[in-house]
Amino acid sequence: MSGSGRKILAAGAAVFDSSGRVLVIHRPGHADITLPKGKLERGEHPAVAAVREVAEETGAIVALEAQLPTVHYPTPAGPKSVDWWRARLLEQRPRTPDDEVDRAWWLSPAEAARELTHDSDRQTLAAALAAGPGPALIVLRHGKALARKAWDGTDLARPLAPAGQRQADTLADVLAAYGVRTVISSPAERCVATVRPYASRHGLRIALPAGLTEPCGERDPAQVRRIVADAAREAARTGRAVVLCGHRPVLPDMLRAAGLPEAALVPGELRTRNLSADPASSGPAERDPSGIGR
Ligand SMILES: Nc1nc2c([nH]c(=O)n2[C@H]2C[C@H](O)[C@@H](COP(=O)(O)OP(=O)(O)OP(=O)(O)O)O2)c(=O)[nH]1
């Protein structure tokens with residue numbers, strides 16, 4: 001069957017171990033050597049799919065770091081787009097070889113560049129090397145909240161709408177894909193509730209700096225910048241991803257302080273930046289592939 005026109009979506013990762021080696025697979029069906037990746041399941045976020053596919057194809061449990069350029073190519077089943085991340089190995093689990101992937105192994109980047117069958121994988125590897133290692137700093141707008149006129153309590157206590165709660169559940173999987181260890185939120189309920197499913201699943205405390213609330217953030221952008229800079233230092237110090245959840249009027253300052261381009265985030269949408277071990281250095285800015293907010 002050729003070219004129905006429907007785009008095939010996939011996601012994968014250039015995975016690095018602690019010695020800087022990269023993980024490749026052999027696929028007997030295609031007789032090729034590639035980076036691990038695979039198709040999204042229905043409704044699945046690409047970041048979540050990337051982590052799942054790497055685990056299924058290699059047994060490697062990974063945390064995502066920088067997002068890399070999306071790759072497009074035609075296939076007999078239709079045009080295909082693959083979202084890629086740089087990722088680091090957290091744990092290697094055993095995996096039984098099968099017809100899809102009969103071997104997964106580690107190569108130096110130079111060896112991998114020689115062995116990979118497809119040029120696009122070589123380009124993804126080059127982008128991963130250019131991004132360098134480092135955890136993600138994630139800036140997130142809270143999920144869809146109850147309308148102001150539908151709520152007669154204080155604005156700080158205004159809760160998420162049911163759609164916002166669903167976004168929060170999806171975000172819990174996305175934040176897990178990045179291996180988030182530090183959760184920071186405006187104390188407003190709609191922000192806290194956006195990161196609560198993730199924090200409670202992982203037994204993490206949510207830090208609640210008052211400086212991220214709407215009135216404080218708008219009044220004192222310098223304090224917002226300090227909160228974000230502290231978060232970036234924490235990520236660089238621990239090597240683990242950090243998420244900051246805030247409000248639309250404060251997000252421009254949060255994004256700027258994170259070194260991300262200005263963007264009008266819709267509820268539940270996020271942007272990530274990868275931080276190298278040196279918090280002063282600037283990593284590549286990244287877009288949100290999620291569509292959670294859309
Ligand atoms: N992996 C990969 N395959 C490519 C590229 N360019 C290209 O023409 N192909 C060909 C090889 C295969 O014959 C065909 C489909 O391979 P694929 O890896 O995209 O699809 P798949 O369904 O077998 O695998 P997956 O998405 O489940 O991982 O596309 C490329 O850049 N990467």
Side-chain angles (χ1 to χ4, degrees), residues 1-17 21-131 173-174 176-178 284 286-291:
M1 197 177 39
S2 96
S4 64
R6 200 189 162 89
K7 191 166 254 182
I8 302 163
L9 302 177
V15 180
F16 291 82
D17 70 5
R21 294 179 308 168
V22 66
L23 186 55
V24 300
I25 59 172
H26 178 256
R27 307 187 303 171
H30 293 302
D32 60 6
I33 296 175
T34 70
L35 300 172
K37 62 124 182 51
K39 287 178 269 304
L40 270 56
E41 289 175 356
R42 185 183 291 275
E44 189 178 34
H45 188 286
V48 176
V51 170
R52 175 184 55 72
E53 283 290 340
V54 168
E56 285 176 8
E57 294 191 334
T58 71
I61 308 302
V62 303
L64 301 183
E65 298 187 334
Q67 194 182 356
L68 308 172
T70 300
V71 167
H72 307 273
Y73 55 90
T75 75
K80 186 159 183 171
S81 287
V82 189
D83 283 334
W84 287 102
W85 277 264
R86 180 180 171 118
R88 70 172 184 284
L89 177 68
L90 298 176
E91 184 193 340
Q92 181 66 60
R93 297 198 180 147
R95 177 187 180 275
T96 309
D98 58 23
D99 291 348
E100 206 194 323
V101 177
D102 62 0
R103 192 175 167 218
W105 71 108
W106 297 90
L107 291 174
S108 72
E111 288 167 334
R114 275 197 303 274
E115 296 288 329
L116 287 166
T117 304
H118 304 286
D119 279 342
S120 71
D121 277 353
R122 242 183 301 287
Q123 281 156 18
T124 297
L125 173 61
L129 291 168
D173 293 331
V174 178
Y178 284 93
E286 296 165 17
R287 69 191 168 75
D288 173 20
S290 69

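Excluded from the calculations below are hydrogen atoms, water molecules and symmetry mates; all remaining heavy atoms, backbone and side chain alike, are included. Start at 1 and go down the list; that is how both ligands and their atoms are numbered. What you see is a predicted model, and the numbers here were worked out from it, not measured in a lab.
- The nearest non-hydrogen atom to atom 25 (P) of ligand 1, considering only H30, K39, R122, comes from K39.
- Side-chain contact check for R88 versus F16: every heavy-atom pair is 4.5 Å or farther apart.
- When all heavy atoms of W84 and G12 are compared, the pair lying nearest together is CE3-C, 3.2 Å.
- Protein heavy atom nearest atom 28 (O) of ligand 1, with residue, atom name and distance: K37 NZ, 2.8 Å.
- Contact detail for D98 and V101: the closest heavy-atom pair is OD1-N, 2.9 Å.
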Donor-acceptor list for residues 49-64 side chains, cut-off 3.5 Å, not counting sequence neighbours:
unit_1, atom_1, unit_2, atom_2, d
R52, NE, E44, OE1, 3.4
R52, NE, E44, OE2, 2.8
R52, NH1, E56, OE1, 3.3
R52, NH1, E56, OE2, 3.2
R52, NH2, K39, O, 3.0
R52, NH2, E44, OE1, 2.8
E57, OE1, K37, N, 3.1
T58, OG1, V54, O, 2.6
T58, OG1, A60, N, 3.0

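- Remark: A113 pairs with R122, L125 by the side chain to side chain contact (heavy atoms under 4.5 Å, CB included) rule, at least two apart or across chains.
- Counting the atoms of ligand 1 from 1 in the order shown, those under 4.0 Å from a heavy atom of S120 are 30 (C), 31 (O), 32 (N).
- Only the side chain of K80 comes within contact range of ligand 1, with a heavy atom under 4.0 Å; no backbone atom does.
- Evaluated by nearest non-hydrogen atom to atom 16 (O) of ligand 1, the leading choice among H118, H72, R27, Q123 is R27.
- With respect to atom 6 (N) of ligand 1, the closest heavy atom belonging to the protein is Y73 CD1, 3.5 Å.
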